[in-house]
Amino acid sequence: MTEKNSNNEPRSASEWYDLGCIYRKNGEFGEAVNAFRAAVEEAESQMKLLGDEDADLLERLVSVREKAEASVGLILRITGFVNKDLMNP
């Protein structure tokens with residue numbers, strides 16, 4: 001895990017995203033979704049504080065937010081998957 005603050009929580013959207021990836025890899029899907037959602041929230045709050053001169057940082061934050069949102073969607077599709085053919089013999 002990347003460097004953490006004094007509460008042992010990630011500091012940035014990227015760190016939240018990385019934590020979510022670790023949880024997802026370990027099969028801890030609930031924790032992964034929470035971390036990815038925190039990444040989205042952190043990215044959005046940081047984006048509100050940026051000025052026009054920070055185009056590179058804004059682009060990175062948008063990328064992290066989009067990847068985190070996609071990861072949440074993927075996990076929800078995986079955990080909610082039902083094979084209807086197996087249910088109706």
Are the side chain of S63 and the backbone of E59 linked by a donor-acceptor contact shorter than 3.5 Å?
no

Notebook entry, point to check: Under a 4.5 Å side-chain heavy-atom rule over Ile, Leu, Val, Met, Phe, Trp and Tyr, are V64 and V72 clustered together?
Noted result: yes

Taken in chain and number order and not counting sequence neighbours, the residues that satisfy side chain to side chain donor-acceptor pair (under 3.5 Å) with S12 are none

Note: with side-chain heavy atoms under 4.5 Å as the link, the other cluster members for I78 come out as L74

Please output the side-chain donor-acceptor pairs of residues 25-42 that fall under 3.5 Å, not counting sequence neighbours, one pair per line with the distance.
from: N26; atom 1: ND2; to: I22; atom 2: O; distance (Å): 3.3
from: N34; atom 1: ND2; to: G30; atom 2: O; distance (Å): 3.4
from: E42; atom 1: OE2; to: Q46; atom 2: NE2; distance (Å): 2.9

Residues at least two apart in sequence or cross-chain that pass side-chain contact (heavy atoms from CB on, under 4.5 Å) with D54, listed by chain then number, are L50, L57

By side chain to side chain donor-acceptor pair (under 3.5 Å), R65 pairs with (sequence neighbours left out) none

Quick note, ring-ring contact (aromatic ring centres under 6.0 Å, His included) partners involving residues 37-64, not counting sequence neighbours, are none

Distance col, row R24:CZ vs Y17:OH, nearest 0.5 angstrom, shows 5.0 Å

